[in-house]
Amino acid sequence: MTYSSDFLQRLETRGFIHQITDPGALDAAASKGPITAYVGFDCTAPSLHIGNLVSIMMLRHLQQAGHRPIVVMGGGTTKIGDPSGKDEARQLLTDDQIRANMASIRRIFERFLTFGDGPTDAIMVNNDEWLSQLQYIPFLRDVGRHFSINRMLSFDSVKLRLDREQPLSFLEFNYMIFQAYDYLELNRRYGCTLQMGGSDQWGNIVNGTDLIRRIDARDAFGLTTPLITRADGAKMGKTAKGAVWLHEDQLPHFDYWQFWRNTHDADVGKFLRLFTDLPLDEIARLEALPGAEINTAKAVLATEATALCRGREAAAAAAATAQTTFAEGGAGEELPQFAVGAPVTIVDALIGLGFAASKNEARKLVAQGGARIDGEAAGNDGVLVNPGQKVSAGKKRHGMIVSM
RNA sequence: GGAGGGGUGGCCGAGCGGUCAAUGGCAGCAGACUGUAAAUCUGCCGGGUUUCACCCUACGUUGGUUCAAAUCCAACCCCCUCCA
């Protein structure tokens, strides 16, 4: 499918589009002039992770194409908890936790979007602003009447729980109503005519467009992105160590860079399109690199993706560290460090650097030849390591011992 | 409320008085081969120590029987199926 609007054409060619409620009409609207679109984010954690990155990039493209992005923080809906994909109710957060999380998340968005008061500047709003003002009876009369229980029961998020006879509280059951109401409110306040989100949000999004049509008789659109999976079928962004966080407090720059560097061959092109701003012809060239040369493309992916989220400088530093550490066998500046007062055993060094969770684990690393000091296998667990030496666990984890 | 079935290591899932830190699979870690990839093969995969060994903690919870329990008994909690 090809679109006449720059915005949709961009999304389409870069692999962002899964479903659109009315592609033709949305394309026409986006061609005619600036539109306002939003994505909702929940703020149950102080940072977003890679799973949110597709939506963030989509907002970035929206803005670059001359439209206005709204970031909706689910301060109000976080108080309820989205039942989608969960067997059990989420833990409820206090107002203070929510506020702190929102402040922290905002800093991530400022890297990707330009905020301000201009016509295409991004704004961030908290749906708690209107949700907590709602009056129960009027809300039921004005909004509740448009929702049929029959239909709500048919939604996957609800059906799944009911089929498994898992408890679904009334509180959570209301989640989809509030999300639909958000859209109505944003449409009224900001003339927002497009809600975007992951494919799991399709039902919620459609509820919103329906509600706007029923109450205000206006057209609004919905767009969802495909679920991004890796070539081996695993869900994107989950590693054994947990989520890949966008916030540097939760994941060092170097580790973030490394995450992208270790992308599977088959995913390089896809990820370059989704997670960098590189032009498509450049990406086409990179993903076509044969054999081992694909590593060049991975390094570009890592640096570009890191630059977006962490800044160009941090990306360059991470890339330089990777270069000296992996390609030259040296030790880059960004490696994790472990400060000691006196020489320590290799076992303690591995634990100190966070490469082993217990002494047993560290000993096993040594026994299997995975522990190295300055590139040489550590002979036994009693070997001492001095400040200034590089300690490695396996081929990918490297750290420096420094003096206090 | 009644009748059955079940709760085991990150997950799935065997075991059903000693030989069980517990088969197998997945995930993970390390080694080999490579390209900081994939696939494959090999080893590891609760914690501690003086590591071909020993100690501690673990099979829903709490007690009990026994020389000995994940395995038997009792009570309790939770889940599932069927009946009311």
Side-chain angles (χ1 to χ4, degrees), chain A residues 85-89 160-168 229-244 252-272 275 286-306 315 317-332 334-336 345-351 353-373 375-383 390-399:
Chain A
K86 297 279 167 185
D87 274 352
E88 286 168 25
L160 201 75
R161 286 271 193 101
L162 295 180
D163 285 351
R164 295 190 190 173
E165 301 199 17
Q166 297 282 345
L168 174 70
T229 52
R230 294 192 321 216
D232 64 3
K235 211 168 154 183
M236 164 91 192
K238 293 278 185 203
T239 68
K241 290 161 205 121
V244 178
H253 297 317
F254 182 65
D255 292 342
Y256 189 79
W257 193 93
Q258 280 293 320
F259 168 78
W260 293 107
R261 171 60 250 262
N262 287 311
T263 298
H264 294 349
D265 286 9
D267 289 327
V268 173
K270 176 158 94 175
F271 287 1
L272 279 167
F275 303 116
L286 287 169
E287 78 176 320
L289 289 173
E293 286 180 49
I294 193 76
N295 283 325
T296 314
K298 291 186 188 182
V300 171
L301 168 64
T303 300
E304 292 304 312
T306 305
T321 290
Q323 171 66 22
T324 49
T325 306
F326 288 97
E328 297 157 24
E334 297 272 299
L335 295 182
T345 63
I346 179 69
V347 167
D348 289 332
L350 287 167
I351 293 173
L353 285 164
F355 296 160
S358 67
K359 290 193 175 184
N360 246 335
E361 203 178 309
R363 288 198 182 91
K364 276 161 195 156
L365 269 172
V366 175
Q368 293 180 130
R372 292 189 194 78
I373 301 168
E376 298 294 323
N380 65 71
D381 16 292
V383 178
K390 182 176 78 164
V391 170
S392 311
K395 287 174 203 150
K396 293 186 190 170
R397 292 176 295 169
H398 305 279

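By convention in this document, chain letters (A, B, ...) are assigned in the order of the sequence lines, proteins followed by strands, and residues within each chain are numbered from 1.
Note on A:Trp260: nothing from the nucleic acid sits closer than 4.0 angstrom, heavy atoms only. Base contact: A:Lys395 has a heavy atom under 4.0 Å from a base atom. Within 4.0 Å of A:Lys298, counting heavy atoms only, lies at least one base atom of the nucleic acid. As judged by a 4.0 angstrom heavy-atom cut-off over every strand, A:Ala322 is placed among the base-contacting residues.
Nearest nucleotide to the A:Phe326 side chain, out of B:rA30, B:rU36, B:rU51: B:rU36. Ranking B:rG35, B:rG47, B:rA30 by closeness to the A:Leu365 side chain, first place goes to B:rA30. Ranking B:rU49, B:rC44, B:rU36 by closeness to the A:Gln258 side chain, first place goes to B:rU36. Taking the side chain of A:Asn360 as heavy atoms from C-beta on, and the options B:rU36, B:rG47, B:rC44, the nearest nucleotide is B:rG47. Across B:rG35, B:rC45, B:rG31, the shortest atom-to-atom separation from the side chain of A:Arg372 is found for B:rG31. Considering only the side chain of A:Lys359, B:rU49 comes nearest among B:rA38, B:rU49, B:rA30.
Residue A:Arg363 has no polar side-chain atom (N or O) positioned under 4.0 Å from OP1 or OP2 of B:rG47. Between A:Ser358 and B:rG46, a side-chain N or O to OP1/OP2 separation shorter than 4.0 Å is absent. Between B:rC29 and A:Arg397, no contact under 4.0 Å exists linking OP1 or OP2 to a side-chain N or O.
Of the C1' atoms belonging to B:rC72 and B:rC16, the separation is 10 Å, rounded to the nearest Å. To the nearest whole angstrom, the two C1' atoms, one in B:rC33 and one in B:rG43, are 16 Å apart. For the P atoms, the distance from B:rC73 to B:rG4 is 14 Å, rounded to whole Å. Using atom P as the reference point in both B:rG63 and B:rA70, the two lie 15 Å apart (nearest Å). Rounded to a whole angstrom, the distance from the C1' atom of B:rA27 to that of B:rC45 is 11 Å. Using atom C1' as the reference point in both B:rC11 and B:rA84, the two lie 37 Å apart (nearest Å). Spacing of C1' atoms, B:rA3 relative to B:rA21, comes out at 37 Å, to the nearest Å. Across B:rC20 and B:rG1, the matching C1' atoms stand 41 Å from one another, rounded to whole Å.
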Given the rule in the salt bridge (charged side-chain N to carboxylate O under 4.0 Å, His left out) test, do A:Arg363 and A:Asp381 qualify, once you have shown the distances and angles that lead to the verdict?
CA-CA 6 Å; A:Arg363 288 198 182 91; A:Asp381 16 292; 3.7 Å; yes
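Distance A:Ile294 CD1 to B:rU34 C1': 15 Å, rounded to the nearest Å. Note: CG (A:Asp267) to C1' (B:rA38) measures 11 Å, nearest angstrom. Atom NZ in A:Lys364 sits roughly 12 Å away from atom C1' in B:rA30 (whole-Å rounding). Following rounding to the nearest Å, A:Lys396 (NZ) and B:rU34 (P) show an atom-to-atom distance of 17 Å. Between A:Ile351 atom CD1 and B:rG48 atom C1' there is a gap of 11 Å when expressed in whole angstrom units.
As the counterpart of B:rA75, B:rU61 is assigned, both hydrogen-bonding distances of the Watson-Crick or G-U wobble pattern falling under 3.5 Å. Remark: B:rC82 base-pairs with B:rG2. Criterion, Watson-Crick or G-U wobble with two distances under 3.5 Å. Using N1 to N3 plus N6-O4 or O6-N4 for Watson-Crick, or N1-O2 and O6-N3 for G-U wobble, each under 3.5 Å, B:rA27 pairs with nothing. B:rA69 is unpaired under the Watson-Crick or G-U wobble criterion, no partner having all donor-acceptor distances under 3.5 Å.
In terms of position along RNA chain B, the nucleotide closest to A:Gly369 lies nearer the 5' end than the nucleotide closest to the other residue of the pair A:Asp381 and A:Gly369. Comparing A:Ala371 and A:Ala357, the nucleotide of RNA chain B nearest to each residue sits closer to the 5' end for A:Ala371.
Test A:Thr263, A:Asn262, A:Asp265, A:Thr303 against A:Lys298 for side chain to side chain donor-acceptor pair (under 3.5 Å) and you get one pass: A:Asp265.
Between A:Trp257 and A:Phe254, the ring-plane angle classifies as parallel under the 30° and 60° cut-offs.
Side-chain contact between A:Val268 and A:Leu286 is absent, with no heavy atoms from C-beta onward closer than 4.5 Å.
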